[in-house]
Amino acid sequence: MVNKHSITAKAHPNIAFIKYWGNQDNSLRLPSNGSISMNLANLNTVTTAAISQGSDHDSLELNGIQQSGPVLVRVQQYMDQFRNIFIKHEHLDIKSTNDFPISAGIASSASAFAALSTAAANIYDLDLTQNEISALARLGSGSACRSIPTGFTEWKTGNTHEDSYAVSIAPENHWNLWDCIAVIQSSPKDVSSTQGHNLANSSPLQYARIKDAARRLDICRNAILNKDFETLAEIIELDSNMMHAVMMTSKPTILYWQPTSIAIMQEVRQMRKNGIAAAYTLDAGSNVHVICNGNDIQKIEDLLVGIAGVNKIIKSPVGSGASVVSLT
Ligand code: PMV
């Protein structure tokens with residue numbers, strides 16, 4: 001056993017092509033349906049965990065600021081759940097940085113819990129498989145399990161903590177797809193995804209969305225494996241629209257779209273008519289992720305920056321899974 005003082009792990013957020021929305025089990029975050037996503041190489045969360053010397057609680061520094069509110073409580077509850085599984089007692093000092101806006105429809109909680117579970121598994125000297133770390137990441141934020149394996153990943157629902165994790169369906173160099181994110185809002189969103197999952201079943205449309213999920217997953221997985229952009233574009237736009245239809249019809253209603261989001265969706269449809277390989281998808285926020293072929297990225301960026309209300313563009317190709325970057 002190597003005596004480690006701290007472990008630094010890195011993870012990327014991911015963008016879902018087939019979305020996770022709603023749980024069969026809220027405390028274990030066992031999802032109502034499977035999901036597929038791609039990791040985003042240019043966006044990074046880097047997290048260092050060290051065993052706390054004599055402290056009876058975990059501490060968290062996020063982007064240089066010591067946390068004390070709900071963000072800290074969420075991480076502490078996660079670490080308690082983590083430690084209970086492995087009967088560990090030492091608390092952690094955690095330092096994490098993100099190089100992209102948090103809580104704005106760019107899945108910062110996914111990369112946060114993917115990096116934290118990877119760092120924690122290593123600082124506690126647990127000899128875990130990638131599937132086991134993915135399942136642990138899921139307990140912090142469902143979509144985080146998809147940031148553990150590399151490239152394009154699929155999370156199968158599973159029925160227990162142990163069998164609900166994500167696997168890679170294609171490596172990052174499989175297809176030169178990019179996510180061109182049109183950032184409208186960089187501030188935290190009004191309704192968190194954790195709150196949103198709890199509301200999903202209150203929509204009369206959720207049942208139909210879940211019932212049709214296996215079909216959409218098959219189409220999406222095959223489109224990725226066959227590098228069939230036209231089919232991918234249709235299925236990811238349908239899936240995003242279906243999730244937002246559930247959000248809009250839940251009680252209370254959640255409406256993430258802004259006028260600028262709709263203007264971008266219309267522009268993306270026009271781009272496709274003009275022969276540009278682009279498709280839109282939105283997570284729990286107003287920002288629009290434009291999934292596109294790497295060859296078209298400049299054209300797409302030029303068109304997006306011309307839309308009123310677009311503040312910034314963040315571009316990323318497909319990324320790797322979570323990894324340990326240093327050990328001291
Ligand atoms: O992992 P959570 O609880 O932040 O939920 C993610 C929900 C969506 O981003 C809207 C969809 C998804 O599959 O990533």
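Quick note: residue numbers are just sequence positions, from 1. Note that these values count all heavy atoms, side chains included, but never hydrogens, waters or copies made by symmetry.
The local environment of CG in Asp127 is sparse, with at most 12 non-hydrogen atoms from other residues, nucleotides or ligands closer than 6.0 Å.
Residues satisfying the side chain to side chain donor-acceptor pair (under 3.5 Å) criterion with Glu237, sequence neighbours excluded, are Arg272. Looking at residues two or more places apart in sequence or on another chain, you find a side chain to side chain contact (heavy atoms under 4.5 Å, CB included) between Leu72 and Leu60, Gln67, Gln76.
Counting only residues at least two apart or on different chains, no ring pair (Phe, Tyr, Trp, His ring centres under 6.0 Å) pair has a member in residues 301-328.
With ring centers used as reference points, Tyr165 lies 6.0 Å or more from Trp155. In this structure, Tyr124 has its ring center at least 6.0 angstrom away from the ring center of Phe86.
You'll find the side chain of Ile264 stays beyond 4.5 Å of the side chain of Tyr280, heavy atoms only. Looking only at side-chain heavy atoms (C-beta outward), Arg138 and Ser164 come within less than 4.5 Å of each other. In this structure, the side chains of Ser32 and Trp21 stay at 4.5 Å or more apart for every pair of heavy atoms.
No side-chain N or O of Asn63 forms a donor-acceptor pair with one of Thr97 less than 3.5 Å apart. Checking His289 against Asp179 by side-chain atom types alone, a donor-acceptor pair falls below 3.5 Å.
Under the 30°/60° scheme for interplanar angles, the aromatic rings of His244 and Tyr256 are found to stand perpendicular.
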